[in-house]
Amino acid sequence: MNSEKFRNILIPGYGEMGHAMQHLFSPRHQVSIYDPYIGDLPAIDLNEQAAAADFVIFSTPTAAIYPLASTLAPLLKPDCICLSFSKALDSEGRTAAEAMRDGLQSNAHIGVLYGPMISEEIRLDKPAYANLASSDPYSQAQVLKLTAETRLKLVAHDDLSGMSWCAVLKNGLFP
């Protein structure tokens with residue numbers, strides 16, 4: 001990934017957090033939204049946007065991550081970073097991190113963001129906070145750079161599996 005500020009961000013899912021991420025990143029980056037369940041979004045070519053993406057921010061329930069990640073995997077650049085906020089298990093008993101890893105293949109750059117990121121506050125440009133856990137130091141550094149000039153402040157951790165399970169257990173979100 002180059003060092004310029006402009007990034008291509010693909011956001012599958014346009015619920016509360018999808019809206020918040022669009023608001024957070026669209027002033028400085030190219031943001032594309034994909035949600036087949038919302039009819040009034042601008043049409044995008046998912047394959048083209050996935051191939052151009054520097055970041056994919058899954059703003060979907062955990063159940064949608066694996067099938068979507070499997071579809072996107074052959075299209076993504078090797079240095080693309082995939083993130084999720086999802087705090088539940090899918091029907092196979094996978095956390096969001098595991099669903100991304102399995103769908104994207106084990107060498108993918110992945111991370112999760114958990115914490116008191118209230119989408120309404122993000123959209124009102126108020127400060128927000130989250131914990132970031134990622135699969136590797138490269139992913140961690142790139143996500144920290146992406147959010148550095150925003151109101152979303154991150155604390156980075158290296159225990160991706162542990163953080164993913166803590167989010168599931170805290171929220172009691174089992175299939």
Side-chain angles (χ1 to χ4, degrees), residues 1 7-22 25 29-38 41 43-115 117 130-143 146-147 154 156-175:
M1 215 175 287
R7 298 283 187 249
N8 286 309
I9 301 171
L10 172 61
I11 303 175
Y14 201 49
E16 291 291 321
M17 287 309 293
H19 279 86
M21 294 300 102
Q22 179 188 35
F25 294 120
H29 306 287
Q30 176 62 44
V31 175
S32 300
I33 307 293
Y34 171 77
D35 193 322
Y37 303 105
I38 298 179
L41 287 173
I44 68 164
D45 181 325
L46 181 60
N47 293 349
E48 181 181 301
Q49 294 304 315
D54 298 306
F55 293 88
V56 176
I57 303 174
F58 290 93
S59 298
T60 64
T62 307
I65 292 175
Y66 176 80
L68 189 52
S70 297
T71 299
L72 299 179
L75 305 169
L76 298 177
K77 299 184 283 191
D79 61 349
C80 181
I81 298 166
C82 297
L83 302 168
S84 176
F85 311 103
S86 190
K87 299 175 182 175
L89 297 177
D90 69 8
S91 62
E92 301 297 317
R94 292 180 290 225
T95 65
E98 293 166 339
M100 280 189 294
R101 182 201 62 219
D102 291 354
L104 295 167
Q105 309 306 318
S106 60
N107 61 346
H109 300 286
I110 61 174
V112 292
L113 295 164
Y114 297 131
M117 301 170 291
N131 288 295
L132 161 69
S134 58
S135 60
D136 57 88
Y138 169 79
S139 300
Q140 191 174 90
Q142 293 303 314
V143 175
L146 180 70
T147 61
L154 302 179
H157 305 275
D158 58 6
D159 186 358
L160 179 62
S161 179
M163 187 171 292
S164 297
W165 276 104
C166 284
V168 170
L169 295 171
K170 175 197 168 287
N171 290 289
L173 300 173
F174 301 96

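A quick note: this is a predicted structure, and the numbers were derived from the prediction, not measured.
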Notebook entry, point to check: Can you list the residues that meet the salt bridge (charged side-chain N to carboxylate O under 4.0 Å, His left out) rule with Glu16, with sequence neighbours excluded?
Noted result: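 So Glu16 forms a salt bridge (charged side-chain N to carboxylate O under 4.0 Å, His left out) with Arg123.
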Quick check for you: to the nearest 0.5 Å, what is the distance between [X] atom [atom1] and [Y] atom [atom2]?
{"X": "Phe58", "Y": "Met21", "atom1": "CZ", "atom2": "CE", "value": "15.0 Å"}
{"X": "Arg101", "Y": "Arg94", "atom1": "CZ", "atom2": "CZ", "value": "8.5 Å"}
{"X": "Gln22", "Y": "Ile9", "atom1": "CD", "atom2": "CD1", "value": "10.5 Å"}
{"X": "Leu113", "Y": "Leu83", "atom1": "CG", "atom2": "CG", "value": "5.0 Å"}
{"X": "Tyr34", "Y": "Asp45", "atom1": "OH", "atom2": "CG", "value": "10.5 Å"}
{"X": "Ser134", "Y": "Met163", "atom1": "OG", "atom2": "CE", "value": "9.5 Å"}

Taking the side chain as every heavy atom from C-beta outward, state whether [X] and [Y] have any atom pair closer than 4.5 Å.
{"X": "Leu146", "Y": "His29", "value": "yes"}
{"X": "Asn8", "Y": "Gln49", "value": "no"}
{"X": "Met100", "Y": "Val112", "value": "yes"}
{"X": "Tyr114", "Y": "Lys170", "value": "no"}

Note to self: Taking atom CG as the centre, does Asp158 end up with more than 12 heavy-atom neighbours from other residues, nucleotides or ligands that are less than 6.0 angstrom away?
What the structure shows: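 Not more than 12 within 6.0 Å, no.
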For residues 65-73, which side-chain N or O atoms pair as donor and acceptor with protein atoms under 3.5 Å away, sequence neighbours left out?
{"residue": "Ser70", "atom": "OG", "partner": "Tyr66", "partner atom": "O", "Å": "2.9"}
{"residue": "Thr71", "atom": "OG1", "partner": "Pro67", "partner atom": "O", "Å": "3.0"}

Give me the atom names and distance for the closest heavy-atom approach of [X] to [Y].
{"X": "Asp159", "Y": "Ala133", "result": "O-CB, 3.9 Å"}
{"X": "Ile11", "Y": "Ser59", "result": "CG2-OG, 3.6 Å"}
{"X": "Ala53", "Y": "Leu10", "result": "CB-CB, 4.2 Å"}
{"X": "Ala63", "Y": "Asp90", "result": "CA-CB, 3.9 Å"}
{"X": "Asp54", "Y": "Arg7", "result": "OD2-CA, 3.4 Å"}
{"X": "Val168", "Y": "Thr95", "result": "CG2-CG2, 4.1 Å"}

Could you work out, with side chain to side chain contact (heavy atoms under 4.5 Å, CB included) as the rule, every residue matching [X], not counting sequence neighbours?
{"X": "Ala108", "result": "Leu104, Ile110"}
{"X": "Ala51", "result": "none"}
{"X": "Asp35", "result": "Tyr14, Tyr37, Ile38, Leu41"}

Notebook entry, point to check: Taking only residues two or more places apart in sequence, or in another chain, which ones meet Phe25 in a ring pair (Phe, Tyr, Trp, His ring centres under 6.0 Å)?
Noted result: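 Phe25 satisfies ring pair (Phe, Tyr, Trp, His ring centres under 6.0 Å) with no residue once adjacent residues are dropped.
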Margin query: Please check: side-chain N/O of Ser86 versus main-chain N/O of Ala96, any donor-acceptor pairing under 3.5 Å?
Written below: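 Side chain of Ser86 to backbone of Ala96, a donor-acceptor pair under 3.5 Å: no, none is there.
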Margin query: Is it the case that the side chain of His109 and the backbone of Ile81 share a donor-acceptor pair, with hydrogens and angles ignored and the cut-off at 3.5 Å?
Written below: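 Side chain of His109 to backbone of Ile81: no pair is present.
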